[in-house]
Amino acid sequence: QVQLVESGGGSVQSGGSLRLSCAASGFTYSSYYMGWFRQSPGKEREGVATIDSAGSTSYADSVKGRFTISQDNAKNTMYLQMNSLQPEDTAMYYCAAANRQPRWWSLRLARAYNYWGQGTQVTVSS
């Protein structure tokens, strides 16, 4: 079955960096569209960054220039390098996979994704 396992979360001070990883199994990784989402208490799940099998990416405006999404198809693993972290980046971060290419307007909408990991917590203190 499809499994997505996130790792790399933690607590950092403002301005710090973290690298999240998402190990995928149970499906043909290169056939799926992948993304990182985040959710903080009381807020909707927000699309942070997405990547397709060819390496095309999209980012939320709030993270452009600070976060970088990448993947290693040979390892079935997706990454999110997060630099210049700010307290407003504090959230549970989730890895997600879609077995169909989302429409361009839904790339970062949670409902376009079929599978989800359990999440990894990122906490940024000021």
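Hydrogens, waters and symmetry mates play no part in the numbers below; they use all other heavy atoms, side chains included. Quick caveat, the model's predicted, so the values are computed rather than measured.
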Check side chain to side chain contact (heavy atoms under 4.5 Å, CB included) between Arg100 and all other residues, then give those that pass, not counting sequence neighbours.
none
Is there a chain of hydrophobic side chains (I, L, V, M, F, W, Y, each step under 4.5 Å between heavy atoms) that links Ile51 to Tyr94?
no
For Arg108 and Ser58, run side-chain contact (heavy atoms from CB on, under 4.5 Å): C-alpha distance rounded to whole Å, both residues' side-chain angles, the deciding distance at 0.1 Å, then the answer.
CA-CA 8 Å; Arg108 293 188 301 278; Ser58 75; 3.1 Å; yes
Parallel, tilted or perpendicular: which one describes the rings of Tyr113 and Phe37, with boundaries at 30° and 60°?
perpendicular
For Glu6, enumerate each residue passing the salt bridge (Lys or Arg N to Asp or Glu O under 4.0 Å) test, keeping only those at least two apart in sequence or located in another chain.
none
How far does CZ of Arg45 sit from CG of Leu109, to the nearest 0.5 angstrom?
13.0 Å
Sole candidate of Val122, Asn83, Val124 that passes side-chain contact (heavy atoms from CB on, under 4.5 Å) when paired with Leu18:
Val122
Consider only side-chain heavy atoms of I, L, V, M, F, W and Y, link residues closer than 4.5 Å, and tell whether Met78 and Val2 are in one cluster.
yes
Is the shortest heavy-atom distance from the side chain of Tyr79 to the side chain of Asp72 under 4.5 Å?
yes
For Gln118, look at atom CD and say whether over 12 heavy atoms of other residues, nucleotides or ligands are found less than 6.0 Å away.
no
Would Ser126 and Ser14 count as a side-chain hydrogen bond (donor to acceptor under 3.5 Å, both in side chains) if you check the C-alpha gap in whole Å, the side-chain angles of each, and the deciding distance to 0.1 Å?
CA-CA 5 Å; Ser126 57; Ser14 182; over 6 Å; no
With side chains defined as the heavy atoms from C-beta onward, is the minimum distance between Met34 and Leu4 less than 4.5 Å?
yes
Quick check: do Trp36 and Cys95 have side-chain heavy atoms less than 4.5 Å from each other?
yes
Interatomic distance, Gln71 atom CD to Cys22 atom SG [nearest 0.5 angstrom]:
10.5 Å
How long is the span from the CG atom in Asn99 to the OH atom in Tyr33, to the nearest 0.5 Å?
14.0 Å
Those residues that, when tested against Ser53, pass side chain to side chain contact (heavy atoms under 4.5 Å, CB included) (two or more places apart)
none
Looking only at heavy atoms, which two atoms of Gln39 and Lys43 are closest? And how far apart?
NE2-O, 3.1 Å
Quick one: OG on Ser17 to CZ on Phe67, what's the gap to the nearest 0.5 Å?
9.5 Å
Do Asp89 and Arg66 have side-chain heavy atoms sitting under 4.5 Å apart?
yes
Taking the side chain as every heavy atom from C-beta outward, state whether Tyr32 and Tyr115 have any atom pair closer than 4.5 Å.
yes
Mind checking whether Ser62 and Glu88 have side chains closer than 4.5 Å, heavy atoms only?
no
Taken to the nearest 0.5 Å, the spacing of Met82 CE from Thr68 OG1 works out to 11.0 Å
Gln13 side chain reached by Leu85 side chain, heavy atoms, under 4.5 Å:
no
So, Arg111 and Ser106: side-chain donor and acceptor under 3.5 Å apart, yes or no?
no
Hey, what do you get for CG (Leu80) to OG (Ser21), rounding to the nearest 0.5 Å?
9.5 Å
Would you call Thr120 and Arg38 a side-chain contact if the rule is heavy atoms closer than 4.5 Å?
no
Nearest heavy-atom pair of Glu46 and Ala60: which atoms, and what distance?
OE2-CB, 4.4 Å
Is there a chain of hydrophobic side chains (I, L, V, M, F, W, Y, each step under 4.5 Å between heavy atoms) that links Tyr93 to Val12?
yes
Is the backbone N or O of Ile69 less than 3.5 Å from a side-chain atom of Tyr59, with the two atoms forming a donor-acceptor pair by type?
yes
Same hydrophobic cluster for Tyr29 and Trp116, using side-chain heavy-atom links shorter than 4.5 Å among ILVMFWY?
no
